[in-house]
Amino acid sequence: MRRCSRTGCTELAVATLTYVYADSTAVVGPLATQAEPHSYDLCTGHAHNLTAPRGWEVVRFEGEFAQPQHSGEDLTALADAVREAGRVDRPVEVVARPGGTGRRGHLRVLPTPEDG
């Protein structure tokens, strides 16, 4: 569950705000399935009361925003992914790079410092 992007707001997000700069338009629609870097999640109150700068248009979803529902399949998929990531018998690929460093997923493998 995602929270509203507005500072100080702790309500659950039900809508996504996206700006279309080329058209001077703010678009408020149903909550996007994934958080995007250039959009903002809003609670019901902020989604309905949003105003735009002078000269901009607000395009708003007509109707009530529904709370996002997570199914048991979502939780099962998440648990399976965590379980897979934590397996100790999982094969790990280390890619050697010049200078003795390698990469393992998002982690860097650094060479042992030489005694000197």
Side-chain angles (χ1 to χ4, degrees):
M1 295 280 192
R2 299 192 316 251
R3 299 268 178 208
C4 183
S5 298
R6 297 293 301 257
T7 304
C9 186
T10 59
E11 297 294 318
L12 292 176
V14 296
T16 298
L17 165 66
T18 307
Y19 291 106
V20 182
Y21 294 98
D23 297 332
S24 299
T25 304
V27 180
V28 180
L31 187 64
T33 55
Q34 294 181 0
E36 297 291 331
H38 299 291
S39 62
Y40 303 89
D41 296 333
L42 300 174
C43 65
T44 301
H46 286 121
H48 285 294
N49 296 321
L50 178 87
T51 59
R54 187 172 300 166
W56 281 60
E57 180 182 2
V58 176
V59 176
R60 197 181 321 265
F61 173 74
E62 301 259 342
E64 290 299 314
F65 295 105
Q67 292 286 338
Q69 299 296 319
H70 292 288
S71 68
E73 291 177 5
D74 292 341
L75 296 176
T76 302
L78 178 61
D80 289 342
V82 169
R83 206 173 295 118
E84 177 65 24
R87 280 186 32 214
V88 293
D89 63 334
R90 186 176 70 158
V92 176
E93 180 183 337
V94 177
V95 178
R97 293 197 173 161
T101 62
R103 191 162 170 85
R104 177 179 152 184
H106 66 283
L107 304 174
R108 291 184 150 258
V109 179
L110 301 175
T112 306
E114 297 177 357
D115 295 330

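If you're wondering where the values come from, they're calculated on a predicted model, not measured in any experiment.
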Exercise for the section: Output the distance between atom CZ (Arg54) and atom OG (Ser24), rounded to the nearest 0.5 Å. Expected result: 14.0 Å
Practice task
Verify, without hydrogens or angle tests, whether Arg60 (side chain) and Leu50 (backbone) share a donor-acceptor contact under 3.5 angstrom.
Solution key: yes
Handout entry: Backbone N/O of Tyr40 and side chain of Thr16: donor-acceptor pair under 3.5 Å
Key = no
Handout entry: Check: His46 and Cys9 side chains under 4.5 Å, non-hydrogen atoms
Key = yes
Practice task
State, yes or no, whether a side-chain contact exists between Val20 and Val27 at a heavy-atom distance under 4.5 Å.
Solution key: yes
Fill in the blank from the handout: Applied to residues 4-31, the salt bridge (charged side-chain N to carboxylate O under 4.0 Å, His left out) test, sequence neighbours excluded, yields none
Problem - Side-chain donor/acceptor of Arg2 to backbone N/O of Ala13, under 3.5 Å - result: no
Fill in the blank from the handout: Exactly one candidate in Leu12, Leu31, Val14 meets side-chain contact (heavy atoms from CB on, under 4.5 Å) with Asp41; the answer is Leu31
Fill in the blank from the handout: Between the OH atom in Tyr19 and the OG atom in Ser39, the distance rounded to the nearest 0.5 Å is 11.0 Å
Problem - Within-4.5 Å side-chain heavy-atom neighbours: Leu17 and Val28 - result: yes
